[in-house]
Amino acid sequence: MIRSAHRLVAGVALMVALAVPSRAQLFTNGSAQIPATGSYTEAVDFADIDGDGDWDAALADGGDLGTDQNRIWVNLGGQQGGSPGFYADVTAAQAPAISDHSRDIEFADIDGDGDPDLHASNESDILNQACRFWVNNGGIQGGAAGFYLDQTSTRWIGVGGAGSSVSPAALLPGGGFID
């Protein structure tokens, strides 16, 4: 799987190229419809979070410009029955309510159950905060696919403890550390 993305300007992806084994998608300015939110988006990543065969999006918001909520946008094609490439903001219902200074966001299978979990990188020039691990509630969790749980505190195991290369003084509240 190949994913690449560029910054969002006025809420629309400038260029996003996606390739998966069975198909490829290319979104250019004007074809992918993610409405403007007034947030400053540092990064975007794509994955099929709900298992319906189309690409959904996660946006890292905030960065050096302030504290903000990362957003999840579901593609309205597929099981939603709408037009592919048009997105609905499902953040309030499907993401943990956490505001931070996110610089990057990446889909990864953190727990090895085959569905896309999220990692948000929250190091900024203004304020260092713990990076976040959001686990997709589908798969081995037994919940609805595409709904995320914040498992940051349980994923940073042993950091700052005996044998760790990170000193206890470098730990951040909520998990993670200053590198």
Side-chain angles (χ1 to χ4, degrees), residues 1 3-8 13 16 34 37-52 55-75 87-179:
M1 172 176 10
R3 295 183 303 248
S4 67
H6 299 283
R7 283 187 198 265
L8 294 183
V16 179
I34 297 178
T37 62
S39 295
Y40 182 79
T41 298
E42 290 271 340
V44 62
D45 201 11
F46 293 85
D48 182 11
I49 68 170
D50 51 14
D52 67 353
W55 291 92
D56 308 301
L59 282 65
D61 286 347
D64 285 334
L65 292 182
T67 299
D68 205 348
Q69 169 76 46
N70 294 330
R71 298 185 188 282
I72 298 175
W73 292 82
V74 170
N75 192 324
Y87 292 82
D89 185 350
V90 297
T91 304
Q94 294 181 217
I98 299 170
S99 292
D100 48 27
H101 291 259
S102 292
R103 298 293 295 249
D104 194 13
I105 197 158
E106 295 290 332
F107 282 106
D109 188 9
I110 295 168
D111 56 8
D113 66 354
D115 61 16
D117 306 309
L118 280 166
H119 177 264
S121 178
N122 296 326
E123 183 177 315
S124 75
D125 291 334
I126 298 169
L127 178 66
N128 285 315
Q129 297 171 328
C131 295
R132 296 277 175 195
F133 293 100
W134 290 2
V135 174
N136 193 324
N137 201 27
I140 61 175
Q141 283 73 29
F147 287 73
Y148 287 85
L149 306 169
D150 182 18
Q151 291 189 352
T152 303
S153 62
T154 59
R155 296 284 169 185
W156 289 110
I157 299 170
V159 176
S164 174
S165 62
V166 177
S167 77
L171 295 179
L172 295 169
F177 56 91
I178 301 169
D179 56 358

Quick check: does any side chain N or O of [X] sit under 3.5 Å from a backbone N or O of [Y], one acting as donor and the other as acceptor?
{"X": "N75", "Y": "D56", "answer": "no"}
{"X": "N136", "Y": "A145", "answer": "no"}
{"X": "D113", "Y": "I140", "answer": "yes"}

From [X] [atom1] over to [Y] [atom2], what is the distance, rounded to the nearest 0.5 angstrom?
{"X": "Q94", "Y": "D50", "atom1": "CD", "atom2": "CG", "answer": "7.5 Å"}
{"X": "Y40", "Y": "L59", "atom1": "OH", "atom2": "CG", "answer": "12.5 Å"}
{"X": "D104", "Y": "D45", "atom1": "CG", "atom2": "CG", "answer": "8.0 Å"}
{"X": "L118", "Y": "F107", "atom1": "CG", "atom2": "CZ", "answer": "4.5 Å"}
{"X": "Q151", "Y": "I110", "atom1": "CD", "atom2": "CD1", "answer": "8.0 Å"}
{"X": "H101", "Y": "T67", "atom1": "NE2", "atom2": "OG1", "answer": "3.0 Å"}

Query - Side chains of S102 and N122, donor plus acceptor under 3.5 Å - result: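 Note: S102 and N122 side chains meet the donor-acceptor criterion.
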Report task. Decide yes or no for E42 and I105: does some side-chain heavy atom of the first lie under 4.5 Å from some side-chain heavy atom of the second? Result ->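 No. Closest side-chain heavy atoms not under 4.5 Å.
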Query - Min side-chain heavy-atom separation T41-R71 under 4.5 Å - result: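 No, every pair of side-chain atoms sits at 4.5 Å or beyond.
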**Report entry** By ring pair (Phe, Tyr, Trp, His ring centres under 6.0 Å) - contacts of Y148 (at least two apart)
**Finding:**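 Counting only residues at least two positions away or on another chain, Y148 forms no ring pair (Phe, Tyr, Trp, His ring centres under 6.0 Å).
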Requested in this report: Let me see the working for Y87 and V74 under side chain to side chain contact (heavy atoms under 4.5 Å, CB included), right down to the final yes or no.
Outcome: CA-CA 5 Å; Y87 292 82; V74 170; 6.0 Å; no
Query - Which residues share a side-chain contact (heavy atoms from CB on, under 4.5 Å) with D150, sequence neighbours left out - result: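 Listed in chain order: P96, I98, R132, W134, T152.
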Report task. Kindly determine whether H119 and C131 satisfy side chain to side chain contact (heavy atoms under 4.5 Å, CB included), including the steps that lead there. Result -> CA-CA 7 Å; H119 177 264; C131 295; 3.5 Å; yes
Taking all heavy atoms of [X] and all of [Y], pick out the closest pair and write down the distance.
{"X": "T91", "Y": "N70", "value": "CG2-O, 3.4 Å"}
{"X": "G63", "Y": "R103", "value": "CA-CD, 3.6 Å"}
{"X": "P116", "Y": "D48", "value": "CG-O, 3.6 Å"}

Requested in this report: Apply the test side chain to side chain contact (heavy atoms under 4.5 Å, CB included) to residues F133 and D117: give CA-CA distance (whole Å), side-chain angles for both, the deciding distance (0.1 Å), then the verdict.
Outcome: CA-CA 8 Å; F133 293 100; D117 306 309; over 6 Å; no
